Every structure is written in C-alpha cells, then in structure tokens.
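Here's the structure we're looking at; comments come further down.
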Amino acid sequence: MRKIAVDAMGGDFAPKAVIEGAIMAASELPENYQIVLIGKQDAMLGVLHDLEYRKGAVEMIFCNDVIEMHEHPTRAFSQKPNSSIGVGFKLLKEGQVSAFCSAGNTGAMMVGSLFTLRTIGNLQRPPIAGYFPLKNGNYSLMLDIGANADCKPEVLMQFAELGSLYAKFALNIENPKVALLNIGEEEEKGNTTAQAAYQLLKNNKKVNFIGNVEGRDLFDGKADVIVTDGFTGNVMFKMGESLYEYAASQGIDDQLINRMNYEVAGGSPIIGVNGNVIVGHGISTPLAIKNMILLAQRQIESNVVDKIKEVFL
C-alpha cells in the first residue's frame with residue numbers, strides 16, 4: 001500500500017476544501033493507494049461525515065496543532081511538533097508515507113523539508129518548481145518560483161541540474177533543454193548574478209544548456225527547464241494567475257490561458273530533498289487539492305527522488 005499524506009488543515013478553505021479534494025483524488029487513485037488525512041479530529045470528522053468514499057481509501061491521523069498562514073515558519077515548526085505539517089514530515093521521514101502534500105504555510109513546508117528531510121548531498125537550497133504552460137499544450141518546468149528570493153550563481157546552476165533531472169525522470173523528456181531567464185539572449189546580458197550563472201551553465205556538462213531566454217520566449221517551448229531566482233519566478237506565476245482570472249471574468253476561453261489557472265497543476269514539488277513534498281496554493285479549491293494529490297502520485301511512481309540521489313550523493 002502506497003500512502004500519500006495530506007495536511008487537512010492547510011489552506012484558506014481547510015479542512016472542507018482539502019478533504020473534499022482528497023475524496024475526489026481517492027476515487028481516481030489505484031486501489032493500492034491510500035490517502036492519510038492529518039488534522040484536528042472534530043474538524044475532519046465533521047466534513048467526512050457527509051462524504052462517500054471507498055472503504056480503506058482514506059486513513060486519519062489526529063493532531064492538536066495547526067501552523068497558521070501568518071506564523072513565522074521556523075518558530076512555528078519548532079514550537080508545534082504536533083501540528084499537521086509537523087506530523088506530516090515525521091511520517092514522511094520515517095517512511096510511513098510516500099509523499100506529503102499541503103496547501104498550508106509554504107515557509108513551514110520549506111523549513112520541514114530542510115530540517116526534517118534535509119537536502120540531498122551537497123545541494124545548498126532546494127527550489128520549488130512550477131509547471132509553465134506552452135502553446136503546444138505541454139509544460140516547461142520553471143524553478144525557483146518562490147522559495148529562494150536571492151540566489152548565488154552556484155545555486156542557479158544547481159537548480160538547472162535538479163530541473164534537468166526532474167524533467168527527464170518525472171516528465172519523461174529524454175534530453176531536457178535548459179535555459180536561463182534573462183533580459184536578453186546575448187551571453188553578456190543581465191545582472192552580475194545572471195552573467196556569472198551563464199558561465200557556469202555554459203561549462204556544465206551535466207545539463208543541455210541552450211543559453212538565455214527572454215520573457216517573450218516562455219510560451220514557445222524553446223526550453224524544457226527555465227532557471228531563475230524565486231523572486232522572479234514567483235512574480236511570473238502570480239502574473240499568470242491574474243491573467244487567467246481576468247480572462248475568465250471576461251468570458252475568454254483559451255487553451256493556454258486556462259492552464260495558467262493554479263488548479264490545473266494543483267501543486268508544486270520541492271525538489272532536492274529526501275522525500276516527495278508537494279506544496280499547494282493557499283486558496284486551493286477541492287479541484288486543486290485533487291490535482292495536487294495526483295501530482296504526488298505521479299512523482300512517487302517516477303521514483304525521481306531516488307534518481308536525483310544517485311546523481312548528488
């Protein structure tokens with residue numbers, strides 16, 4: 001039995017939206033999967049009471065605490081070991097579950113990833129990766145999209161290596177094209193960090209580096225992996241979300257814009273730590289939660305974490 005732990009208390013509309021999404025996912029998961037909901041007993045039972053699901057598809061683990069969105073991530077994680085996030089990471093570290101998903105405090109998810117699971121090998125800072133929609137109907141992988149606002153060139157190079165491995169093993173792209181997001185295509189363009197990162201990537205034999213790409217290139221699929229700092233990546237994704245919301249409000253139905261809706265991917269993996277960790281949007285709906293869990297399933301089955309370990313250990 002493969003188990004996917006889900007923070008039932010994480011997100012603006014938890015636990016109702018989380019549990020409803022988990023039940024939706026349970027109906028699509030194979031019978032050898034089980035969803036483990038972690039949260040306050042009364043809150044979870046109150047929602048589950050009105051839902052129908054396959055016997056054995058859902059397990060519950062009760063905890064007393066919740067790390068709220070406004071809390072300081074490091075302080076809250078250390079002071080609330082019996083929170084839904086704290087318990088989720090404990091289960092993942094002990095191997096009792098194969099993945100942990102939460103739409104709760106992203107900072108606490110990063111802290112748990114770093115201090116409970118720890119990074120693989122000599123990796124400095126794990127990024128959060130996002131699925132960026134392309135005109136051809138596929139996705140490119142952009143990292144980082146929010147975990148690391150300031151990045152040294154060496155960190156960007158590690159993002160490139162991680163993204164390349166993830167794209168190969170989780171997205172089945174044999175020789176992923178890797179690009180650096182910049183303000184021009186020329187080698188000398190950008191700030192000092194981008195210029196230095198370019199030189200590192202150009203001489204890195206572990207990645208298929210194709211050079212710089214500009215913002216206007218992103219939808220064309222020139223690269224399979226887009227490398228940037230978490231500040232820029234987060235701005236790009238939030239802008240895409242607002243474009244989708246505006247288009248939807250105007251009755252615009254467009255294949256590309258529709259896939260900027262955060263619900264489609266459902267979540268984003270934290271890459272480079274010793275376990276499968278997926279973070280969701282704080283405003284996640286049941287559909288987003290369902291897709292976050294199904295993303296966790298695909299990541300488990302790709303065995304991408306072990307394959308990254310083979311390279312970095």
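What you see is a predicted model, and the numbers here were worked out from it, not measured in a lab.
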Let me see the working for Q297 and E301 under side-chain hydrogen bond (donor to acceptor under 3.5 Å, both in side chains), right down to the final yes or no. CA-CA 6 Å; Q297 177 207 358; E301 294 177 354; 3.2 Å; yes
Quick one: do M69 and D12 satisfy side chain to side chain contact (heavy atoms under 4.5 Å, CB included)? Show the steps, please. CA-CA 8 Å; M69 292 293 198; D12 295 347; 4.0 Å; yes
Output, in order, the C-alpha distance, side-chain angles, deciding distance and verdict of side chain to side chain contact (heavy atoms under 4.5 Å, CB included) for R2 and Q34. CA-CA 6 Å; R2 286 177 163 175; Q34 185 180 57; over 6 Å; no
Could you walk me through whether K202 and E187 satisfy the salt bridge (charged side-chain N to carboxylate O under 4.0 Å, His left out) test, starting with their C-alpha distance in whole Å, then the side-chain angles of each, then the deciding distance to 0.1 Å, before giving a yes or no? CA-CA 10 Å; K202 184 175 72 170; E187 183 173 338; 2.8 Å; yes
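For K90 and E94, the salt-bridge test passes: some basic side-chain N is under 4.0 Å from an acidic carboxylate O. The pair K16-E20 meets the salt-bridge criterion, with a side-chain N (NZ, NE, NH1 or NH2) lying under 4.0 Å from an Asp/Glu carboxylate O. Using a 4.0 Å cut-off between charged side-chain N and carboxylate O, E154 and K152 make no salt bridge.
Checked by atom type, the side-chain pair N276/Q299 shows a donor-acceptor distance below 3.5 Å. Side-chain atoms of D229 and N148 form no donor-acceptor pair, as typed in the model, at a separation below 3.5 Å. Side chains of D7 and S102: a donor-acceptor N/O pair is present below 3.5 angstrom, by distance only. A donor atom on one side chain and an acceptor atom on the other are found under 3.5 Å apart for E161 and N204. Donor-acceptor pairing under 3.5 Å is lacking for the side chains of S140 and D224.
The aromatic rings of F132 and F237 sit perpendicular to each other, their planes meeting at more than 60°, with 30° as the lower class boundary.
The CD1 atom of I278 sits 11.0 Å away from the CG atom of L294 when rounded to the nearest 0.5 Å.
Ring centroid separation for the pair Y198 and F209 comes in under the 6.0 Å cut-off. Ring-centre distance between F89 and F100: below the 6.0 Å cut-off.
Y166 and L181 fall into different hydrophobic clusters, where Ile, Leu, Val, Met, Phe, Trp and Tyr are joined by side-chain heavy atoms under 4.5 Å apart, directly or via other members. At a threshold of 4.5 Å between side-chain heavy atoms, the hydrophobic network of Ile, Leu, Val, Met, Phe, Trp and Tyr places V207 and L143 in one connected group.
Using a 4.5 Å cut-off on side-chain heavy atoms (C-beta onward), I293 and V6 make contact. Here the side chains of N122 and Q158 are in contact, with some heavy-atom distance below 4.5 Å.
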